[in-house]
Q: 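My questions will all concern the structure given below.
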Amino acid sequence: MPVMDEFREEREALKHGTLKQKFRYFLDYYKWYVVAAVAIVGFAASMIYNMVTRKDMAFSVSLINAFDIGSGDEYLASFAEYAGIDTEEFDIMADSSMQIDYTSANQNTAASIQKLMVLVAAGEIDALLSDEAVIEQYAYSETFYDLRDVLTAEQLDAYGPYLFYMDQAVADAVSEAQMDPNYESTAMPERPDPRKPEAMEQPVPVGICLGEAQTLNETYVFLSGEGILAVPATSPHLETVSQYVDFLLQ
C-alpha cells in the first residue's frame, strides 16, 4: 500500500479513536518538533531575560594564584558598602580562578595567561592581585598604570612603605634588546629589587604590597607570599580602584 494511502487510513481511524490513542499518535509524530520548539523558546527567553536584567559592572578584581579561605561574597559586600556601590543596580566581581606558574609549563597556566590577556585587553579588570612573580612579569611588559596616575598624593604618601616598583630604564632596555634579531631571552637585563626604588634608575610605582590588608588576607591566601595589587592600564574605574586601595589598607 502506498505510504500516503496508509497515512490517510491512520488519520481516518484516529478520528474515532480514544483520547489515549490520539495522544500516542501525537507523541509518535510530533514530540521532537515540540521538544525543539520548547528549547528554542527557552533559549530565547533566557537571552532576553539576561539582557533585560544585566547590570553594569561597577568594579572587577582578578586574583591570580589565590585561594578562598573565607567568604568572597561577604568580602565583596563589605567593599560595596564601603564604596557606596548599589548592588541592586550595579555588579561587582572577584575572580580567583586563574593560576599561573612560571616554573612549569602546564595547560592551566597557558589557559590562565590567555584568559588574563583577553580580560585586560577588553578592559574588564579594574584591579589585579597576585604574587610577586606574576606582578613583576607583567610590570616589565608595561601592562600596569603608574600609580601616581591613579592614587592621590595623600594616598601615595600614606602607602609609601607598601609600594612595589619597576625600573623603567630596565623595561626600555628589554624592549630595545627584543628588537635585536640576535636577542636571546637569557640576555635580559637584571631586574632590581622591586621594594628598593633607590637602587633604580627610573623607579615607577606599579603595585601595592598587601601584607597588611587584613580583610583581604582573611578571605584569600596567595600561593607565594603576600599579595600585590596592580592596576591594568585598561582599567575603566580608576576612582573605584582608589577607594578599593583605601578599603584594603585602612
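Keep in mind that the numbers below use all heavy atoms, side chains included, and drop hydrogens, waters and symmetry copies. On a predicted model such as this, the values are computed, not experimentally measured, just so you know.
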Q: Is there a side chain to side chain donor-acceptor pair (under 3.5 Å) between Ser175 and Asp172 once you walk through the steps?
A: CA-CA 5 Å; Ser175 296; Asp172 292 343; 5.4 Å; no
Q: For Asp73, look at atom CG and say whether over 12 heavy atoms of other residues, nucleotides or ligands are found less than 6.0 Å away.
A: no
Q: Would you say Gln168 and Glu142 are linked by a side-chain donor-acceptor pair, where the criterion is simply a distance under 3.5 Å?
A: yes
Q: Mind checking side chain to side chain donor-acceptor pair (under 3.5 Å) for Tyr244 and listing every partner two or more places apart, or none if nothing turns up?
A: Tyr75
Q: Checking side-chain contact (heavy atoms from CB on, under 4.5 Å) for the pair Phe59/Gln243: CA distance, chi angles, key distance, verdict?
A: CA-CA 11 Å; Phe59 185 72; Gln243 291 177 297; over 6 Å; no
Q: Give, for atom CD1 of Ile69 and atom OH of Tyr220, the distance between the pair rounded to the nearest 0.5 Å.
A: 10.5 Å
Q: If we ignore angles and hydrogens, is there a donor and acceptor under 3.5 Å between the side chains of Ser242 and Gln155?
A: yes
Q: If I take atom CD from residue Glu226 and atom CG from residue Leu216, how far apart are they, to the nearest 0.5 angstrom?
A: 10.5 Å
Q: Give a yes or no on whether a salt bridge exists between Arg195 and Glu136, defined as a side-chain N under 4.0 angstrom from a carboxylate O.
A: no
Q: Mind running side-chain contact (heavy atoms from CB on, under 4.5 Å) on Ile208 and Ile228 for me, showing each step along the way?
A: CA-CA 5 Å; Ile208 297 180; Ile228 298 166; 5.9 Å; no
Q: Side chains of Ser96 and Asp68: do they bring a donor and an acceptor to under 3.5 Å?
A: yes
Q: Between Lys196 and Asp167 (salt bridge meaning N to carboxylate O under 4.0 Å), is one present in this structure?
A: no
Q: Please lay out, stage by stage, how Tyr165 and Val204 fare under the test side-chain contact (heavy atoms from CB on, under 4.5 Å).
A: CA-CA 5 Å; Tyr165 293 84; Val204 177; 5.7 Å; no
Q: Counting C-beta onward and ignoring hydrogens, is there a side-chain heavy-atom pair between Thr143 and Leu128 closer than 4.5 Å?
A: no
Q: When rounded to the nearest 0.5 angstrom, what distance separates CE in Met57 from CD1 in Ile92?
A: 9.0 Å
Q: To the nearest 0.5 Å, tell me how far Asp95 CG sits from Ser62 OG.
A: 5.0 Å
Q: Mind checking the CD1-CG spacing from Ile113 to Asn108? Nearest 0.5 Å is all I need.
A: 10.0 Å
Q: Starting at CG of Leu151, measure out to CG of Leu156 and round the result to the nearest 0.5 Å.
A: 5.0 Å
